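Heads up, the thing below is written out as structure tokens.
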Amino acid sequence: MQIGFIGTGSMGSILVEAFIQSGAVSPEHLVVTNRTARKAEQLAESYPGLQTARSNKEAASGSQLLFLCVKPMEFKAVIDDIRDVVTPDTVVVSITSPVQIRHLEKLLPCKIAKVIPSITNYVLSGATLCIYGERMTDEDQARLELLLSHISAPIRIREEHTRVSSDITSCGPAFLAFFVQKFVDAAVAATGISETEATQLAAEMTLGTGRLLTTGGFTPASLQQRVSVPGGITAEGLRIMQKELCGVFDDLIRTTHAKYDEDVEKVKARFFSP
């Protein structure tokens, strides 16, 4: 099966490299193109056998599975390029959350899926969010999820939950890294511990906590309860965070959703403007 990629920016290149490094796909079965051709060429240089295409249409031609990894406002131009070469059996996968499946189904004659990846997929971990259009069969969905399972845990969601799910899985690594960085900064400023040492400790803690919450059988609430003792140091730290941080997350969700709704309307206008 030939797999095409239109767009090899940050997330497109992460997916290409993760698929190859995990052994899910051999480079010979991949064809990539990018608006800046040099980016696609660099991937081909790193992975002998990977093919580059000179245009979106060329990348789409002959690809049974086609990932669209471009910015929301670039989608219409890409769709115009590929509309005449995709077939009813082609599976087109958008990785761009504001682009709605129903809009793609109106504009393209093929099967449509939306997959929201994460930077964690680069280390063959984390989740990928999966949303499917009406033309996707059970077999199509299973085949795509099998591919994604090499680099992540595929999780099916409803499209109306795209934003909040993406906040957790895709934006979450940046949000968590910000928390870790501030924790490290405070430790360094207060005690003189080196930034390198504090960062190593925090990184190992983050990794271990993730394992406790996935394979260790803990929930966030039960983990807090297990670690903290009433009147102890952890309990005091949790009390401060409860007081200072809770409203931040409410604001975060409201802000990301407002931006998402704005982007959805912009994309819709671009797709269907006269």
Side-chain angles (χ1 to χ4, degrees), residues 1-9 11-12 15 19 30-33 35 53 55-118 127-149 152 154-167 169-170 257 259-274:
M1 176 173 67
Q2 177 173 297
I3 302 175
F5 276 81
I6 296 177
T8 57
M11 195 52 65
L15 286 175
F19 284 144
L30 291 169
V31 57
V32 303
T33 191
R35 186 172 60 178
S55 67
N56 297 334
K57 183 174 290 189
E58 183 180 339
S61 298
S63 291
Q64 291 78 46
L65 181 60
L66 180 65
F67 285 85
L68 305 186
C69 309
V70 299
K71 295 177 182 178
M73 300 309 287
E74 297 174 8
F75 252 77
K76 183 57 166 60
V78 171
I79 288 170
D80 290 342
D81 286 342
I82 69 173
R83 182 184 290 118
D84 295 335
V85 295
V86 296
T87 73
D89 291 327
T90 306
V91 175
V92 166
V93 181
S94 163
I95 71 162
T96 308
S97 61
V99 177
Q100 303 295 289
I101 286 178
R102 66 183 183 276
H103 296 155
L104 293 177
E105 287 182 327
K106 286 182 180 180
L107 296 170
L108 291 170
C110 56
K111 302 174 182 182
I112 303 294
K114 180 154 67 175
V115 167
I116 309 300
S118 166
T128 46
L129 308 177
C130 302
I131 310 157
Y132 300 113
E134 294 181 357
R135 300 170 196 157
M136 291 283 289
T137 65
D138 290 344
E139 183 180 358
D140 295 326
Q141 295 174 33
R143 186 182 299 114
L144 180 56
E145 289 178 14
L146 178 61
L147 174 67
L148 295 170
S149 69
S152 65
I155 299 174
R156 298 186 187 187
I157 64 167
R158 298 202 301 269
E159 191 166 28
E160 58 264 35
H161 292 157
T162 299
R163 181 62 265 151
V164 69
S165 300
S166 184
D167 281 345
T169 64
S170 298
H257 275 63
K259 180 63 168 67
Y260 174 74
D261 291 341
E262 178 184 326
D263 288 347
V264 168
E265 289 304 312
K266 287 181 179 178
V267 173
K268 182 180 177 181
R270 175 67 62 92
F271 278 6
F272 300 109
S273 61

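Nothing here was measured: the structure is a model prediction, and the numbers come from that model. We number each residue from 1, following the sequence as shown.
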Can you measure from CD1 (I3) to CG (L147) and round to the nearest 0.5 angstrom?
5.0 Å
Determine whether L144 and C130 make a side-chain contact, defined as any pair of heavy atoms from C-beta on separated by less than 4.5 Å.
no
Does any part of the side chain of L104, heavy atoms only, come nearer than 4.5 Å to the side chain of S94, both counted from C-beta?
yes
If you look at every heavy atom in K71 and T96, which pair is closest and at what distance?
C-CG2, 4.5 Å
Would you say P109 and V86 make side-chain contact, with heavy atoms under 4.5 Å?
yes
Quick check for you: to the nearest 0.5 Å, what is the distance between T137 atom OG1 and D89 atom CG?
9.5 Å
Do T33 and E58 come close enough that some side-chain heavy atom pair is under 4.5 Å?
no
How many angstroms lie between NZ in K268 and CD in Q100, if you round to the nearest 0.5 Å?
9.5 Å
Evaluate the side-chain proximity of P117 to M11: yes if any heavy-atom separation is below 4.5 Å, no if none is.
yes
Shortest non-hydrogen contact between T162 and L129, atoms and distance
O-CD1, 4.5 Å
Within a strict 4.5 Å, meaning less than it, do heavy atoms of the Y260 and S166 side chains meet?
no
Do side-chain atoms of R135 reach the backbone of E105 as a donor and acceptor pair under 3.5 angstrom?
yes
Do I6 and I82 have side-chain heavy atoms sitting under 4.5 Å apart?
yes
Identify the heavy atoms of A127 and T169 that sit nearest to each other, and give their distance.
CB-CG2, 4.1 Å
Correct closest heavy-atom pair for L66 and A59 would be CD1-O, 4.2 Å
Please check if the side chain of E159 supplies one atom and the backbone of I101 the other of a donor-acceptor pair under 3.5 Å.
yes
Side-chain donor or acceptor of Q64 paired with backbone N/O of Q2 under 3.5 Å
yes
For side chain to side chain contact (heavy atoms under 4.5 Å, CB included), just list the numbers for E265 and D261, CA-CA rounded to whole Å, side-chain angles, deciding distance to a tenth of an Å, and then say yes or no.
CA-CA 6 Å; E265 289 304 312; D261 291 341; 5.9 Å; no
CG of L68 to CD1 of I112: how many Å apart, nearest 0.5 Å?
7.5 Å
Close side-chain approach of R102 and K106, heavy atoms under 4.5 Å
no
Which pair of non-hydrogen atoms, one from P154 and one from S149, has the smallest distance, and what is that distance?
CG-N, 3.8 Å
Looking at R270 and M73, would you say the former's side chain and the latter's main chain have a donor-acceptor pair under 3.5 Å?
yes
In terms of heavy-atom contacts, does CD of E139 have more than 12 from other residues, nucleotides or ligands at under 6.0 Å?
no
Can you list the residues that meet the side chain to side chain donor-acceptor pair (under 3.5 Å) rule with K266, with sequence neighbours excluded?
E262
Can you tell me how far the CZ atom of F19 sits from the CZ atom of F5, to the nearest 0.5 Å?
5.0 Å
For the student: nearest non-hydrogen atoms of C110 and T87, plus distance:
CB-O, 3.1 Å
Among K111, E145, K114, R156, find the one that has a side-chain hydrogen bond (donor to acceptor under 3.5 Å, both in side chains) with Y132.
E145
Between CD1 on residue I131 and CE on residue M136, distance to nearest 0.5 Å
11.5 Å
